[in-house]
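Worksheet for the structure shown next.
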Amino acid sequence: MENADVANVLSQMASMTEVLGGNPFKVRAFRQAAQVVDGLPGPVAALRRAGTLESLPGIGPRIAEKIGEILDTGTCEEHRELAARVPIGIVEILRIEGLGPKTAQELWRRLGVTDLESLREAIAGGRIRELPRMGPVRLRALASALDRYQVRTARMPLYRAVVYADGILNRLRALPAVRRAEAAGSVRRRKETVGDLDLLVSSLEPEAVMDAFTSIPDVAKVIARGETKASIRLESGLQVDLRVLPPDSFGAALHYFTGSKSHNIALRTRAVRMGIKLSEYGVFDREGKRLAGEHEEDVFEAVGLPWIPPELREASGEIEAAEKGELPELLVNEDLQGDLHVHSMRSSDGRSSLEDIWAVGRHLGRRYLAITDHSRSRPLGLGPEEVLEHAEEIRSLSRRLRGGPKLLAGVEVDILADGSLDLPAEVLARLDWVVASIHSRFHESRETMTRRLVRAIESGVVDAIGHPSGRKIGKRDPYDFDLEEVLRAARAHGVAMELNAAPDRLDLDDRSCRLAKEAGVQVVIDSDAHVAHLLDMTRYGVWVARRGWLEKKDVRNAGPASRLRTRRRRAAKRHEEEARP
DNA sequence: GCCGTTTTCGGCCCGACTGTTTTCAGTCG
């Protein structure tokens, strides 16, 4: 049972309670608990053993008990009761954009819709029009959301896939027959979503490895099992493929199964030109003599190249760069010195105190943390006076606390419909760090969205644009805007672009990071944590940054606090001067 | 179901937006 599995049961309970019209606050409690469990840096089972589950925010005695039950049995009493009253397929229907609990309930009770399949039929047959408030526009929106949903759900977010991969790999590594066990494929390349897991094992006794692999407790189905190759499906729905190879082929196989396909083709073409042959079993000359295969580095060396980090292997210039000795020195986790987008209890949706945030930041070795609560156009967001009061509180606390990160007084200010900011410039100019983000009216035209972002950048009082595309993976597409024009403005005004590391955002994405770098715009990698323990999510951002070719120098919070603000400091000074009589 | 410097009961975010409507329900952030 991984954290994601426990979270999934809790989240199903939330949805089923919701569709039954149960207490909405209970629904929210389940949902929040699911999020907290899903975001934990370590296994929830360890906290349970230590008896500290109830110290987590949003988890009280009842949910702690349910988590215990789920860990032991895979489900719990209340989940079973709910599942007996509501078809479980309803849970999935609720994930469709624009379709909430009320509509799901109507669909189920009036039309007998119980899963995605029957929903599709109800739409296709036109019966869905029998529901109240179901006109042609909603019908079309739902049909399109359903199509997009089915395409998206085929893949699992990387951060979850990695947990499953590590769990299985550790199990395999414990076998005496196993010399090495590694994840290949898109997990190793750190792609943001993963279709299935590709695992490789180096061993001279494949039979024993196969036995262990196909009898993992999580297995729902053994799809195939041969002598050196097997596929299973886990309870979570994830497919896992395993290949077992002898040690002298392991490096070549690791390269081959890491891909990407187009990178492999490019490298093989290069090998052919050099008169050698590359396969998953090794590198061979014309006579079939083995030149390399045990280590991946040797495979690259055989084709005259330095080792290329897996994250770059997309046939997007990495082979040329390797040839010229111009591969980037990719960012690593330890390079990050601070986090510049963190919410405290002052935001309606923040859940941790400044002290808790500081303590987690200290544990992670952060040198600085910007507290950036929401501005007033968000519910319970801060108005001008409140922002300044909050800033005073942050600064005075930071002066008192010793030995940990410096707390910076910041704000996440909303970019309004016309591109103006939700707080006066003279207030923003008095803060240490200002993130500006769009949280509403996502569906304006490309021109309007671009203008909103550019105007915010040109305000002179903004340090970074938060989650610049607004996308939520598997849920909401990015809004339409001209990234290159926004980057040009950002470059001109010294404004950074955020790489928001929340696992459902990862925004900027890898390609956009690379564009930012090429445009000479620095990126900031932020957790956007709403609970203190989620500060560590920046590690997901580092994965994306590496795929985006980012180096330490490209990431502003990989440097000291003294170098955070550049252009904006001058603007602040100007405002101060103007404010003088 | 959680939570508490308003503490063991009684709150818990609420306004904007949209498509459907003659006055608002449902969804979203």
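Source: prediction; values computed, not measured. Just so we're on the same page: letters track the sequence lines, and every chain starts at 1.
- Contacts of A/P24 with the nucleic acid, taken as non-hydrogen atoms under 4.0 Å apart, are absent.
- Straight-line distance from the CZ atom of A/R138 to the P atom of B/dG26: 9 Å, rounded to whole Å.
- By the 6.0 Å contact criterion, CD on A/E392 is enclosed, its count of non-hydrogen atoms from other residues, nucleotides or ligands being greater than 12.
- Comparing B/dC9 with B/dC24, their P atoms sit 38 Å apart, to the nearest whole Å.
- Taking 4.0 angstrom as the limit, A/K472 places none of its side-chain polar atoms (N or O) nearer than this to OP1 or OP2 of B/dC28.
- Between B/dG29 and A/R476, a contact under 4.0 Å exists linking OP1 or OP2 to a side-chain N or O.
- Checking side-chain atoms of A/S118 against main-chain N and O of A/D115 turns up a donor-acceptor pair under 3.5 Å.
- Of the N and O atoms on the side chains of A/D509 and A/S512, at least one donor lies less than 3.5 Å from an acceptor on the other residue.
- On a pure distance criterion of 3.5 Å, no polar donor-acceptor pair joins the side chain of A/R62 and the base of B/dC2.
- For A/R441, no side-chain nitrogen or oxygen approaches OP1 or OP2 of B/dA16 to under 4.0 Å.
- Within the nucleic acid shown, A/E54 has no heavy atom closer than 4.0 Å to any nucleic acid atom.
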Full working for side-chain hydrogen bond (donor to acceptor under 3.5 Å, both in side chains) between A/R366 and A/T538: CA-CA 11 Å; A/R366 301 281 190 252; A/T538 47; 2.6 Å; yes
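- Remark: B/dT8 base-pairs with no nucleotide in the shown strands. Criterion, Watson-Crick or G-U wobble with two distances under 3.5 Å.
- Between A/T103 and B/dT27 there is a side-chain polar atom (N or O) within less than 4.0 angstrom of OP1 or OP2.
- As judged by a 4.0 angstrom heavy-atom cut-off over every strand, A/P101 is placed among residues touching the sugar-phosphate backbone only.
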